[in-house]
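Encoded as structure tokens, the structure appears first; notes follow it.
No experiment lies behind these values; they were computed from the predicted model shown.
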Amino acid sequence: MKMKTVKALIVALSMSTMAMGATTVFAEDATEAVAEAAENEDQAKADEVAALIDAIYVQERTDDTDEQCKAAKEAWDALTDEQKELVEGEEADPDYFGRDTGDASKDDPRNGDDIGENELLVVSFGTSFNDSRAEDIGGIEKALEEAYPDWSVRRAFTAQIIINHVQARDGEAIDNMTQALDRAVANGVKNLVVQPTHLMHGAEYDEMCEAIAEYEDKFESVKIAEPMLGEVGEDATVINDDKKAAAEAIVNAAVEASDYDALDAAAEDGTAFVFMGHGTSHTAAVTYSQMQTQMGALGYDNIFIGTVEGEPEETACDAVIAAVKDAGYSKVILRPLMVVAGDHANNDMAGDDEDSWKSMFEASGEFESIDTQISGMGRIPAIEDIYVAHTGAAIEAE
């Protein structure tokens with residue numbers, strides 16, 4: 001082969017190789033561009049859902065709320081599993097629609113008409129945890145219905161954020177205070193008794209009373225029953241029959257759910273029970289201190305009261321950890337001091353995040369074991385009896 005021919009062949013091969021390389025680079029660039037575009041599209045769809053969730057994560061109901069709840073769920077259902085994991089907003093996250101909290105169909109929203117002249121309105125803060133809503137709040141409502149068959153039991157939640165969550169995710173419509181009271185008026189209710197499921201005369205109780213006051217002239221009689229723990233009292237030493245009954249009920253339930261036959265047996269084994277409440281900056285915060293006093297009066301020395309908010313100060317998690325340690329207990333069982341076992345019980349108390357009570361007790365390194373009992377107070381028969389008695393007292397009051 002002539003030299004010129006060889007050189008020409010070499011040049012041709014080089015040019016061909018260069019062209020193939022350029023094609024490969026172009027193909028790789030194109031693939032990356034397509035992948036990036038798809039990723040951007042996935043995030044855009046997830047962001048749209050996050051914005052729709054944030055729009056209904058509000059405490060005020062508007063004329064657009066029903067449509068907003070519907071739109072948020074439809075947009076969520078249209079996402080792929082991968083896109084759902086990308087949902088993140090000011091309040092939004094994949095758990096808003098994706099977390100399994102039980103079967104919503106087992107709950108009765110008690111929002112029907114045909115009420116009659118006598119209505120018993122059960123007012124709760126509310127929860128989006130389906131099982132707890134049915135067993136804890138529903139348990140109290142059923143107990144009242146059985147005790148007072150001449151009264152129609154209806155429900156109202158004070159947390160619109162929760163009402164919207166349940167409606168968007170599960171299609172269950174729960175009345176807020178305004179809707180429930182308007183329903184009562186529209187149905188011609190004459191005698192209204194309101195039973196709050198709140199623990200105490202706190203901020204939520206006060207807000208409920210303010211809402212009811214605006215409707216007092218629309219009924220022949222309006223009566224508000226006591227919350228679970230009754231009157232607050234001036235200081236931490238004040239206890240009453242309601243607090244005693246509640247203390248006995250929750251401790252008995254906790255022991256029954258444990259591996260111990262009795263509270264004394266738990267104490268002998270070095271086990272303390274810690275009940276975690278919500279806490280409040282309201283003057284009613286002293287109620288938590290009173291419950292600790294009540295535990296002591298009953299001889300329940302291995303029972304400790306704490307709060308998520310750390311108000312009062314001695315109920316903060318670090319303070320409770322120190323108290324349990326100083327008392328010489330090496331094992332701990334955590335349980336909510338709340339009517340419902342909802343977000344606080346599942347996350348703030350028993351969650352795996354480093355700021356949960358379970359994690360903080362473990363991180364202290366002071367205890368052999370940390371166990372949790374996720375169960376609301378509303379499903380305890382003796383607690384339901386307290387509400388039944390309070391409702392009866394309100395019905396009979398002049």
Side-chain angles (χ1 to χ4, degrees), residues 198-204 228-229 232-239 243-244 246-248 250-251 253-255 258 263 266-267 269-377:
H198 307 138
L199 263 68
M200 64 190 74
H201 288 265
E204 293 169 16
M228 184 197 300
L229 301 178
V232 175
E234 295 182 1
D235 56 46
T237 66
V238 178
I239 52 181
K243 293 180 179 66
K244 178 182 178 182
E248 292 173 337
I250 61 176
V251 169
V255 172
S258 73
L263 185 62
D269 192 41
T271 297
F273 290 86
V274 174
F275 290 89
M276 186 197 77
H278 186 276
T280 178
S281 58
H282 191 277
T283 55
V286 71
T287 302
Y288 293 106
S289 302
Q290 292 167 351
M291 282 298 287
Q292 187 68 68
T293 299
Q294 181 66 75
M295 295 300 180
L298 289 168
Y300 298 165
D301 296 331
N302 58 332
I303 301 295
F304 298 83
I305 304 297
T307 65
V308 178
E309 300 294 332
E311 295 178 292
E313 292 182 3
E314 70 269 19
T315 63
C317 188
D318 56 352
V320 176
I321 289 173
V324 176
K325 173 194 171 185
D326 291 345
Y329 297 102
S330 58
K331 302 175 185 177
V332 175
I333 296 176
L334 299 170
R335 186 179 173 104
L337 183 68
M338 300 177 180
V339 173
V340 300
D343 184 68
H344 289 305
N346 284 271
N347 296 328
D348 295 319
M349 186 190 81
D352 293 326
D353 291 343
E354 63 180 14
D355 59 349
S356 76
W357 278 49
K358 177 171 72 75
S359 295
M360 287 190 282
F361 266 85
E362 290 172 342
S364 73
E366 301 291 348
F367 308 100
E368 296 176 16
S369 65
I370 310 295
D371 295 317
T372 61
Q373 296 178 356
I374 304 177
S375 183
M377 299 169 69

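Residue Leu337 holds its CG atom at 5.5 Å from CE of Met291, rounded to the nearest 0.5 Å. Between the CZ atom of Arg335 and the CG atom of Asp371 there is a distance of 13.0 Å, given to the nearest 0.5 Å. To the nearest 0.5 Å, atom NE2 of residue His198 and atom NE2 of residue His278 are 11.5 Å apart. Taken to the nearest 0.5 Å, the NZ atom of Lys243 stands 13.0 Å off from the CG atom of Leu298. Distance check, rounded to the nearest 0.5 Å: CE of Met360 to CD1 of Ile370 gives 11.5 Å. Between the CD atom in Glu248 and the CD atom in Gln294 there is a gap of 7.5 Å [rounded to 0.5 Å].
Residues Val320 and Met276 have side chains not in contact (no heavy-atom distance under 4.5 Å, counting atoms from C-beta outward). In this structure the side chain of Leu199 never reaches within 4.5 angstrom of the side chain of Thr287, judged on heavy atoms. Counting only heavy atoms from C-beta outward, the side chains of Leu263 and Tyr300 approach each other to under 4.5 Å. The side-chain heavy atoms of His282 and His201, taken from C-beta on, include no pair separated by under 4.5 Å. At least one side-chain heavy atom of Ile321 sits less than 4.5 Å from a side-chain heavy atom of Phe361.
One side chain, Ser289 or Glu314, offers a donor N or O that lies under 3.5 Å from an acceptor on the other.
Within the 3.5 Å criterion, the main-chain N or O of Glu368 finds no donor-acceptor partner in the side chain of Ser330. A donor-acceptor contact shorter than 3.5 Å is absent between the side chain of Thr271 and the backbone of Lys331. Judged purely by atom type and a 3.5 angstrom limit, Gln292 has no side-chain atom pairing as donor or acceptor with the backbone of Gly306. Remark: the backbone N or O of Thr237 is paired with a side-chain donor or acceptor of Asp235 at under 3.5 angstrom. No donor-acceptor distance shorter than 3.5 angstrom exists from the side chain of Tyr288 to the backbone of Ile305, with no hydrogens or angles considered.
A side-chain hydrogen bond (donor to acceptor under 3.5 Å, both in side chains) with Lys358 holds for exactly one of Asp352, Thr372, Asp348; it is Asp352.
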